[in-house]
Amino acid sequence: SPRNPMGLAAMTLAGGQDAIHGTNVPGSIGGYVSYGCIRMFNQEMCGSLENMTKQLTLARKIILADQIIPYYQPKVRLSDGAVIGFEALLRWQDQNQNIQLPSEIFAAFQDYELASRISETMQLKVFADMSRWQAQGLDLLPISINAAPVEFLRDDYAEKLLARLSNFDIPAHKVELEITEQSLSEHGANYVVRALNLLKQAGIQISLDDFGTGHSSLTRLQDYPVDCIKIDRNFVERMNSDPSALAIVKAITQIGSSIALDVLVEGTENTEQLDTLIHCDCQIGQGFYFYRPMAGASAQALLHPADQ
Ligand code: G
Ligand code: MN
C-alpha cells in the first residue's frame, strides 16, 4: 500500500522502525501521542505531515510523467575560473515547462523506493548526455551525482550504479559520487562504506557534500574512502562577517590538504568571497558567482574537443 505520512514520519523519528504498527488512521493523530518515540507531534507538525503526503504524491507523478531533467553546475579552479567538472542537479519540468527545484519533493528523498527511482532516472539521463557528448568527440569532464542516505539501505547501490555506467560505456573516472555526512553516521553505515569502497576501486571519486553541517570530524574522514570534501555554502555566506566561519573555512582547507583530501567550497556568490577563498588557499569552488546550474546543452558548450 502507498506509504502514508505518519509512516514516513515515524520511520524518521524512530530510526527506521515502524513504531506505529499499522494503527495509522487519517485524523487519529492524537492517538499517537501516547507512543513515547513520537511524543513531539503537535498541530504544527500535522501541517508538515500533510505537506509530506503532497510531496510524495508529486514525486510519484514527476517520475511517472518523465518530468525529471538533469541540470549541471560547473566546478571551477578558483585561480583562473577554468571549468574542471560538473555537479548534476535534479530539476523537473512542470506542465507549463517551468523548471522546478527539488525542494518541492524533499520528502521523497527519505523514502527508499522514491529516492532510488529518482536517482536511477537521473543517472540514466546524465549518462545518456555524457555518452552523446563523448560520441560527438568532446572531452568529458567528471560529473558528480548525489546520493541520499536511504539509497544505501538495500546494499546494492554500487552494483547498480556500476552496471548502468558500463551499459553507457562511460569511464568510471568521469563520474563522482556525492554523499552527505549523514550517510556515514546512520545505521547501515557499513553498507555505505562497502558501497564506497567498491565504487572507489572501480575509479569513482567520492565527495562529502555539505561538509560542516553534520557531526563528522575531519580526522575520522581518514577511515572512509573519501577523496573530496565540499564545504557547505553556509560558511562562505558568513565568512566575511563572522570570524569563526572564516576560521572554519581556513581550518578545513589546511587540514584537508595535509591529509590529501581535495577541498571544494560551495556557494561562492561574489568577488569579496572569491578573494577571501583565494587568500585562504582554497583551490576549487562552485557557486552562482561562476555559474548557475544549467541545462545539458549549455554544459555541453563548456566542453572541448578531445585530442585526436
Ligand atoms: O546540497 P547540495 O550542495 O548538493 O545542493 C546544491 C544546490 O545548491 C543546488 O540546488 C544549487 O542550485 C544550489 N546552489 C549552488 N550554488 C549556489 C550558490 O552560489 N548560492 C546559492 N544560494 N545556492 C547555490
Ligand atoms: Mn551536492
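All ligand and atom numbering here is 1-based and tracks the order in the structure.
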query = How many angstroms lie between CD in E87 and NZ in K75, if you round to the nearest 0.5 Å?
reply = 6.0 Å

task = Write out the residue and atom name of the closest protein heavy atom to atom 17 (C) of ligand 1, then the distance separating them to 0.1 Å.
result = F288 CE2, 3.2 Å

remark   = Which atom of E87 is nearest the Mn ion (ligand 2), counting N, O or S only? It is OE2

query = So N240 and E272, side-chain hydrogen bond (donor to acceptor under 3.5 Å, both in side chains) or not? Walk me through it.
reply = CA-CA 8 Å; N240 282 337; E272 293 74 43; over 6 Å; no

key: Salt-bridge contact D227-K200 (side-chain N to carboxylate O under 4.0 Å)   = yes

request  = Show the numbers, then the answer: is there a side-chain hydrogen bond (donor to acceptor under 3.5 Å, both in side chains) between Q286 and K230?
outcome  = CA-CA 9 Å; Q286 215 177 323; K230 299 182 75 175; 2.9 Å; yes

query = Which value, rounded to 10°, describes the OD2(D209)-the Mn ion (ligand 2)-OD1(N146) angle?
reply = 80°

message = Taking only non-hydrogen atoms of Q73, do any sit less than 4.0 angstrom from ligand 1?
response = yes

key: Candidate list L196, L153, D155, D156, test side-chain contact (heavy atoms from CB on, under 4.5 Å), partner Y191, passing option   = D155

query = Between F168 and W133, does the ring centroid distance fall short of 6.0 Å?
reply = no

note = ligand 1 to G287, heavy atom cutoff 4.0 Å, flagged ligand atoms 16 (N), 19 (O)

message = I need the nearest protein heavy-atom contact for atom 8 (O) of ligand 1: residue, atom name and distance, please.
response = R233 NH1, 2.9 Å

ask   = When you look for heavy atoms under 4.0 Å from ligand 1, do you find them on the side chain of K230, its backbone, both, or neither?
value = neither

ask   = Is ligand 1 under 4.0 Å from a heavy atom in the side chain of D209, in the backbone, in both, or in neither?
value = side chain

remark   = side-chain contact (heavy atoms from CB on, under 4.5 Å) with I105: of I63, T57, L58, only one passes, and it is L58

task = Answer with yes or no after comparing the ring centroid distance for F152 and Y157 against a 6.0 Å cut-off, counting only values under it.
result = yes

ILVMFWY network linking V76 to I284, side-chain heavy atoms under 4.5 angstrom = no

request  = Check the hydrophobic clustering (I, L, V, M, F, W, Y; side-chain heavy atoms under 4.5 Å; chains of links allowed) and say if Y224 and I252 are grouped together.
outcome  = yes

remark   = Within 4.0 Å of some non-hydrogen atom of D210, the atoms of ligand 1 are 1 (O), 2 (P), 3 (O)

message = Taking 4.0 angstrom as the limit and counting only heavy atoms of L89, give me the atoms of ligand 1 inside it, by number and element.
response = 6 (C), 9 (C), 11 (C)

ask   = If you count the atoms of ligand 1 from 1 in the order shown, which ones are under 4.0 Å from a heavy atom of E266?
value = 3 (O)

query = For ligand 1, which atoms, with element, lie under 4.0 Å from some heavy atom of G267?
reply = 18 (C), 19 (O)

request  = Could you list which atoms of ligand 1 come closer than 4.0 Å to a heavy atom of N146?
outcome  = 4 (O)

key: For E87, atoms of ligand 1 separated by under 4.0 Å from a heavy atom   = 4 (O)

ask   = Quick one: do R164 and E159 make a salt bridge, cutoff under 4.0 Å?
value = no

request  = For ligand 1, indicate whether the residue R91 contacts it via side chain, backbone, both or neither (heavy-atom separation under 4.0 Å).
outcome  = side chain

task = Please write down residue, atom name and distance for the protein heavy atom closest to atom 21 (C) of ligand 1.
result = E269 OE2, 3.2 Å

message = I'd like the atom name of the N/O/S atom in E178 lying closest to the Mn ion (ligand 2).
response = OE1

